[in-house]
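Take a look at the structure below.
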There are 2 protein chains.
Amino acid sequence: MPTKTVPYTAGQERIARYAKALSHPARVYILRFLDKQCACYVGNIVEELPMAQSSVSQHLKELKNAGLIQGTVEPPKVKYCINRENWREARAMFAAFFEEG
Amino acid sequence: MPTKTVPYTAGQERIARYAKALSHPARVYILRFLDKQCACYVGNIVEELPMAQSSVSQHLKELKNAGLIQGTVEPPKVKYCINRENWREARAMFAAFFEEG
DNA sequence: ATAGTTTATCGTAAAAATACGATTGTCTTA
DNA sequence: TAAGACAATCGTATTTTTACGATAAACTAT
């Protein structure tokens, strides 16, 4: 009698969520860029990427929703940086996922 | 004069690819399951997951395409296991990604 | 007030992901 | 040869993702 009711663990849902945030090259690029620069304005990111400003904005939104970045308004600009707390958590989760045998 | 022609690095494309494989809880579950069991048949996985056999097969295909698992036919079954070489590469890439400042 | 700068959001179109049932192909066993 | 077991594939429907241009919102500077 198969279970078939198994939902996933909270940890599995969480790592899938972080993985989804990293599942597009543009978002990997943005995270890497922010990690290097420590922080920067949206315009700097738009300059780097081969896509429209609105598309970049959408990617930033997803990264923010995943908890990996955070933005602060500095009129008339917005500065983004890595959310270090969740960054550490993501690192730990991926490390644990690949380590455990 | 913004570049705008920047494609992503091979490493960025690669990590995005691995992340995409991990971006669904069912696939995280499958990988974790295979990592624990060392190897098992498709039927064992289907038993565990709350979805149709055809859907599980689809997820297995994606994991295989991403290079994270491999299957061997043992009539009338198919046994899957982690592709350790790429598993190690993925671990290294995620570790490097989150480590570098 | 007006004009300019910066970024988010809206509306939309096209593509990809997800899930299902049904079918097919392969191999065993009766 | 026929029947059964297993897993992949097909066809399809629904949802989500991705991208764009246009517009709106927030603030500065003139």
Side-chain angles (χ1 to χ4, degrees), chain A residues 1-2 4-8 12-13 15-31 33-34 37 39-66 68-81, chain B residues 2 4-8 12-13 16-31 33-34 37 39-66 68-81:
Chain A
M1 190 217 230
K4 285 290 192 187
T5 3
V6 181
Y8 310 105
Q12 281 163 352
E13 301 267 15
I15 204 168
R17 191 173 158 79
Y18 282 132
K20 187 177 232 170
L22 286 168
S23 73
H24 191 293
R27 292 195 291 267
V28 172
Y29 187 99
I30 291 171
L31 289 172
F33 190 71
L34 286 178
Q37 311 289 313
C40 71
Y41 299 108
V42 175
N44 303 127
I45 301 172
V46 173
E47 274 175 6
E48 296 288 318
L49 296 176
M51 58 176 62
Q53 176 266 320
S54 57
S55 303
V56 173
S57 203
Q58 222 170 287
H59 284 300
L60 289 172
K61 189 179 185 179
E62 288 183 54
L63 289 172
K64 197 170 56 177
N65 288 343
L68 288 172
I69 66 173
Q70 55 197 322
T72 59
V73 185
E74 292 186 9
K77 302 184 180 180
V78 176
K79 180 187 274 180
Y80 276 98
C81 66
Chain B
K4 285 292 193 186
T5 3
V6 179
Y8 311 106
Q12 282 164 351
E13 300 267 16
R17 193 173 157 79
Y18 282 132
K20 188 178 231 171
L22 286 168
S23 73
H24 191 294
R27 292 195 292 267
V28 173
Y29 186 98
I30 291 170
L31 288 172
F33 190 70
L34 286 178
Q37 311 289 314
C40 71
Y41 299 107
V42 176
N44 303 127
I45 301 171
V46 172
E47 275 176 6
E48 296 288 319
L49 296 176
M51 59 176 61
Q53 175 265 321
S54 58
S55 302
V56 172
S57 204
Q58 222 169 288
H59 283 301
L60 289 171
K61 188 180 185 177
E62 288 182 56
L63 288 172
K64 196 170 58 177
N65 288 342
L68 288 173
I69 66 173
Q70 54 195 322
T72 59
V73 185
E74 293 187 7
K77 301 185 180 179
V78 175
K79 180 187 275 180
Y80 276 98
C81 66

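Treat the numbers as computed from the prediction; the structure is a model and nothing was measured.
Ring-plane geometry between B:H59 and B:H24 is classed as tilted, the angle between the planes lying from 30 to 60 degrees on a 0 to 90 degree scale.
Atoms CD1 (B:I30) and C1' (C:dA19) sit 14 Å apart, rounded to a whole Å.
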* **Sequence-aligned protein contact record of nucleotides 4-17 of chain C, with B where the base is within under 4.0 Å of a protein heavy atom and S where only the sugar-phosphate is** => --SBBB-------S

* To do: Determine, stepwise, if the pair B:L22 / A:I15 fulfils side-chain contact (heavy atoms from CB on, under 4.5 Å).
  => CA-CA 8 Å; B:L22 286 168; A:I15 204 168; 5.8 Å; no

* Checking side-chain contact (heavy atoms from CB on, under 4.5 Å) for the pair B:L34/B:L68: CA distance, chi angles, key distance, verdict? -> CA-CA 11 Å; B:L34 286 178; B:L68 288 173; over 6 Å; no

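Scanning for side-chain hydrogen bond (donor to acceptor under 3.5 Å, both in side chains) contacts around B:E62 gives B:R27, with sequence neighbours left out. Residues passing the side-chain hydrogen bond (donor to acceptor under 3.5 Å, both in side chains) test with B:Y80: none are found, sequence neighbours excluded. By the side-chain contact (heavy atoms from CB on, under 4.5 Å) test, A:K79 pairs with A:A39, A:Y41, A:T72, A:E74, sequence neighbours left out. A:R17 is linked by a salt bridge (charged side-chain N to carboxylate O under 4.0 Å, His left out) to nothing, counting only residues two or more places apart in sequence or in another chain.
Put simply, the side chain of A:S57 never gets that close to the backbone of A:S54: no donor and acceptor are under 3.5 Å apart.
Bounding nucleotides for the chain A contact on DNA chain D, 5' to 3', at a heavy-atom distance below 4.0 Å, are D:dT17 to D:dC27.
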